[in-house]
Amino acid sequence: MLRLLLCCWLVLCGGVALGQEKPAPAGASATTPAPKRQLQAVRTSTPPKLDGLLDEAVWQSAPIATKFTEQEPTPGRPEKYPTEVRVLYDDNAIYVGAIMHDMSQDSILRELSNRDNIGNSDWFGVFFDTYNDHLNGYEFIVTSGGVQVDLRQSPANGEDGSWNAVWDSRTALHGNDWVAELRIPYSAIRFSKATEQVWGLNFGRQRRASRQKFFWNEVKPQVSGFVNQWGELTGLRDLKPPLRLSLTPYVSTYVNHYPFNEQGKKNMSTSFNGGADVKWGINESFTLDATLVPDFGQVQSDNQVLNLSPFEVQYNENRAFFTEGTELFNKGNLFYSRRVGATPIGFGGVSGQLRVGARQADGTRQAGEFIVQNPGVTRLLNATKVSGRTSKGLGVGVFNAVSNDVYATVQDSTTGARRDVLTQPLSNYNIVVLDQSLKNNSYVSLINTNVTRAGATYDANVTSALFRLANKKNSYAVNGGVVYSNRRGKLFGKPDEVSDRDGYKYYVGFNKISGNFTWGMDHGIESHSYNPNDLGLLFGNNNISQSLYANYRIYKPFWKLNKLSTYASISHSLLERPTLYQDMGFYAGGNTTFTKNFLSVGLDFSANPVTRDYYDPRRAPLGRYYVRKPAGASLSGFISSDYRKKFAYDISGGVRLFAADGDRTGRRSMSLTLSPRYRVSNQLSFVYALSMERNQNQIGYAGGLDGSLPYDNGFLTTFGGDGADVLLGRRNVTTFTNTATGTYTFTNRMSFNIRLRHYVSNVHYRDFSRLHPDGLETPEPTYARNRDNTFNAFNIDAVYSWWFAPGSQVSIVWKNASASFFEANAATPLYFDNLNNTINTPHNNNVSIKVLYYLDYLALRPRRG
């Protein structure tokens with residue numbers, strides 16, 4: 001079957017290639033970058049006024065960049081409605097003025113949205129590669145409604161929208177045209193102090209009404225890379241990098257309410273906080289960012305889920321300091337920023353340190369202790385980033401953060417005496433990155449991460465070397481890396497030495513990276529003792545993996561399609577120690593967008609033989625126990641309608657079927673997501689998403705045995721405790737997620753957003769079995785403990801945000817949260833019962849106001865003369 005599917009995929013790709021794709025014009029190659037165009041910037045002694053008019057004489061004296069080339073949906077086609085761009089500069093900033101001609105004012109779509117969100121709108125953007133290294137760049141985009149978007153380009157993160165800069169812009173409509181005027185201060189970017197400079201440059205434009213995207217210097221989709229396809233900005237002389245020094249102090253106040261309804265405990269609490277973010281340009285290349293006494297209380301709530309897997313849940317990073325300007329620190333995927341300020345390492349061990357109740361010699365009973373408070377997050381004292389890139393292409397990044405001691409409070413039940421239990425010692429988190437850009441979109445990097453904790457608790461260190469080398473034509477590349485992890489010291493609160501003291505990882509890949517047809521192969525090993533998780537994130541080590549993939553894409557419209565992407569891959573993995581088979585799989589699919597209605601559809605297929613899950617049994621060392629998963633195949637797909645229409649929708653779903661494997665029959669999984677959206681006006685929009693997932697007859701780890709429970713006590717002897725056989729359960733897992741979002745944008749600098757999310761997951765166990773070594777399972781029909789459970793999570797995040805000045809913001813946030821976990825007979829599979837439980841569960845309500853004010857030294861310094 002796999003052979004037949006692979007042949008069909010190759011025939012499809014070959015047939016499309018032979019029958020539909022038109023040859024490139026003589027003398028031109030689709031995989032060769034377009035010639036680099038040049039534009040001269042003009043120095044001005046009088047800065048233009050940002051009013052969207054471009055009527056100053058200095059604008060008329062500047063050369064015009066025009067004749068843009070389409071990239072989507074028809075690459076290589078010249079624009080029909082011209083774009084005209086001019087560039088000026090002075091001692092303080094660079095100015096960009098652009099006129100976008102169109103067929104009529106009705107063709108210029110202008111939805112308002114939050115900052116960094118383009119929405120259903122036209123946009124114009126300017127792109128700078130200030131060191132002209134063809135790898136790293138800045139993007140400044142403004143929509144026709146005046147909404148600002150800024151991004152960074154880097155090999156590590158690609159297009160990173162989390163980066164924010166302080167700059168100014170204005171837009172205006174004039175008849176059938178719209179105008180964008182941008183002022184980008186030198187403090188927002190980094191460049192060398194050479195007397196004469198040449199920057200990489202490109203301009204982009206989107207006509208949303210026709211869903212066309214254009215660039216001044218042609219960007220070919222068949223060519224690997226983006227920054228390397230930009231043109232050049234000349235005429236820059238005597239630029240002096242300014243003293244980049246800014247302070248953004250903040251004050252915030254919180255009112256928190258939780259219905260404890262206990263004597264001596266207040267339901268309402270308040271707090272007042274203050275701190276600051278500091279940005280200092282050490283020199284023309286490097287910048288220091290520091291946050292002092294940070295406050296992250298207003299970030300969006302995490303999407304909590306019920307986790308039945310042996311691995312931790314990876315949550316998104318919503319704290320701005322850890323998302324902005326972190327492209328260097330994300331090299332090699334060794335930095336999981338949620339480790340900084342995470343749950344204390346001793347959080348779950350407090351209950352084991354409580355003094356339990358006991359009967360004294362005189363017959364009286366001494367009461368035990370209970371937990372009064374156990375903080376779930378670590379308070380940061382400060383965090384600092386130093387990053388930049390020299391004129392020789394050497395990127396340097398240093399990150400450091402310090403977290404304070406964290407204590408839980410426990411109380412004696414009789415006397416009321418309290419004592420503190422340390423759950424997290426004073427800790428220092430550090431990352432150092434050296435990244436050298438090379439010719440042909442290549443680089444070499446060295447990364448070191450380190451966690452040092454006070455006291456006898458163990459420390460951790462990880463060092464990695466990475467490389468990517470491409471040929472001169474940028475058609476082939478080899479990439480790879482080697483990582484060494486080291487941990488030394490004792491486990492927190494225990495006399496035992498930490499395990500996984502020394503480990504390693506390496507990987508290498510070879511890829512064809514340009515053209516319609518691309519392919520690649522890779523191989524890697526993560527040793528059984530490799531552990532980067534003190535500052536990174538690795539779900540499972542002890543792995544040998546290899547894969548082969550191939551893609552074929554058509555970028556120009558043909559037949560009734562705008563474009564077509566097809567892909568296939570084969571993967572295989574083993575345990576590293578002992579060397580045992582884990583799994584292999586085949587994956588293939590494709591997606592396309594129709595020409596007339598811009599309906600996007602995709603279809604994916606995957607298949608795998610019998611696999612072995614060595615991680616689910618939770619037994620170390622790996623290799624002795626595994627859960628056998630039958631052979632299976634899945635089919636999934638999606639449909640996404642045209643977002644230009646007021647009403648649009650997304651639908652996705654899939655089904656996975658498993659072969660009968662002995663007494664394992666009827667195993668399957670199904671999922672469906674429906675997400676309609678409605679744009680009432682250019683200011684008001686709603687998005688709703690309903691996700692449903694059903695896993696039937698799933699076999700998995702059912703939990704440990706508890707000797708204090710009568711149902712478990714009798715099985716402890718035969719199972720042998722935690723170090724021996726494993727209890728498995730056959731279960732049905734049903735999950736529903738409802739998310740509703742409403743956004744009202746008052747102006748391009750003021751908005752209100754509310755997001756509601758309700759998540760419920762129910763687990764029902766049908767029967768149980770005992771897992772022996774080597775994957776052998778025997779039924780346990782007499783095991784009668786009810787292990788069913790239900791988890792509910794509910795959140796409301798309502799945010800009012802006003803950017804009242806560049807870099808300055810007022811935000812008012814209301815957060816409502818509740819979570820409940822029911823076991824045994826209290827668990828219920830009925831959705832509306834769970835919704836009722838969620839409503840009646842105590843909710844935490846939090847209202848906060850935060851004010852940030854951006855202070856720039858250049859604006860505050862005394863003026864001479």
Side-chain angles (χ1 to χ4, degrees), residues 13-14 17 21 23-37 69 71 75-76 127 129 131-137 153-159 198 200-202 215 217-232 327-328 331-333 389-395 434-447 464-482 506-524 546-555 565-570:
C13 293
E21 182 75 349
S29 172
T31 59
T32 301
K36 290 189 177 297
R37 305 177 69 182
T69 303
Q71 189 208 31
F127 313 106
D129 175 8
Y131 290 101
N132 210 17
D133 64 4
H134 304 154
L135 288 171
N136 300 277
Q153 280 282 348
S154 69
N157 286 8
E159 195 172 59
V198 176
L201 173 72
N202 214 343
F215 289 97
N217 205 96
E218 183 181 1
V219 175
K220 298 182 179 180
Q222 299 94 330
V223 175
S224 175
F226 180 44
V227 183
N228 56 306
Q229 299 192 67
W230 297 355
E232 294 178 339
E327 63 276 0
L328 278 173
K331 278 273 186 175
N333 295 319
R389 190 171 297 273
T390 70
S391 58
K392 302 297 183 181
L394 176 62
L434 300 175
D435 175 57
Q436 179 63 59
S437 300
L438 304 174
K439 293 181 179 180
N440 308 323
N441 265 24
S442 303
Y443 62 81
V444 292
S445 305
L446 180 68
I447 304 106
S464 173
L466 312 174
F467 69 90
R468 181 185 190 271
L469 303 173
N471 65 338
K472 189 174 182 179
K473 292 184 178 180
N474 198 32
S475 54
Y476 292 91
V478 59
N479 64 287
V482 60
Y506 79 80
Y507 65 93
V508 63
F510 180 74
N511 310 276
K512 181 181 182 294
I513 56 177
S514 290
N516 296 84
F517 181 70
T518 58
W519 54 267
M521 61 183 73
D522 60 68
H523 166 75
Q546 39 275 321
S547 66
L548 173 68
Y549 75 87
N551 303 320
Y552 188 83
R553 297 181 177 91
I554 297 176
Y555 299 99
S565 175
T566 60
Y567 36 84
S569 66
I570 299 176

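Values reported hereafter were calculated over all heavy atoms of this structure, with side chains retained and with hydrogens, waters and symmetry mates removed.
Remark: Asn333 engages no residue in a side-chain contact (heavy atoms from CB on, under 4.5 Å) (not counting sequence neighbours). Under the side-chain hydrogen bond (donor to acceptor under 3.5 Å, both in side chains) criterion, Asn136 pairs with Asp133, not counting sequence neighbours. Every residue meeting the side-chain contact (heavy atoms from CB on, under 4.5 Å) condition with Val508, not counting sequence neighbours, appears here in chain and number order: Val478. Scanning for salt bridge (Lys or Arg N to Asp or Glu O under 4.0 Å) contacts around Asp129 gives an empty result, with sequence neighbours left out. A search for side-chain hydrogen bond (donor to acceptor under 3.5 Å, both in side chains) contacts involving Gln546 returns His523, His572, not counting sequence neighbours. Not counting sequence neighbours, Tyr549 has no partner by the ring-ring contact (aromatic ring centres under 6.0 Å, His included) test. Remark: Thr390 engages no residue in a side-chain hydrogen bond (donor to acceptor under 3.5 Å, both in side chains) (not counting sequence neighbours). Scanning for side-chain contact (heavy atoms from CB on, under 4.5 Å) contacts around Leu438 gives Gln436, Ser442, Val444, Leu469, with sequence neighbours left out. For Asn479, the side-chain hydrogen bond (donor to acceptor under 3.5 Å, both in side chains) partners are Asn511, not counting sequence neighbours. Under the side-chain contact (heavy atoms from CB on, under 4.5 Å) criterion, Gln71 pairs with Lys213, Phe215, Val219, Pro221, sequence neighbours left out.
Applying the salt bridge (Lys or Arg N to Asp or Glu O under 4.0 Å) test to residues at least two apart or on different chains, none of the pairs has a partner in residues 436-445.
Within the 3.5 Å criterion, the main-chain N or O of Ser565 finds no donor-acceptor partner in the side chain of Asn551. Between the Lys512 side chain and the Ser475 main chain, no donor and acceptor come within less than 3.5 Å of each other. Side-chain atoms of Thr31 do not come within 3.5 Å of backbone N or O of Ser514 as any donor-acceptor pair. The backbone N or O of Tyr476 sits less than 3.5 Å from a side-chain atom of Asn471, completing a donor-acceptor pair.
For the pair Leu328/Arg389, a side-chain contact is recorded, criterion being any heavy-atom separation below 4.5 Å from C-beta on. Looking at Arg37 and Leu201, their side chains never come closer than 4.5 Å, going by heavy atoms from C-beta outward.
One distance of note links CD of Gln222 with OG1 of Thr518; it measures 11.5 Å at 0.5 Å rounding.
In this structure, the ring of Trp519 has its center no less than 6.0 angstrom from the ring center of Tyr552.
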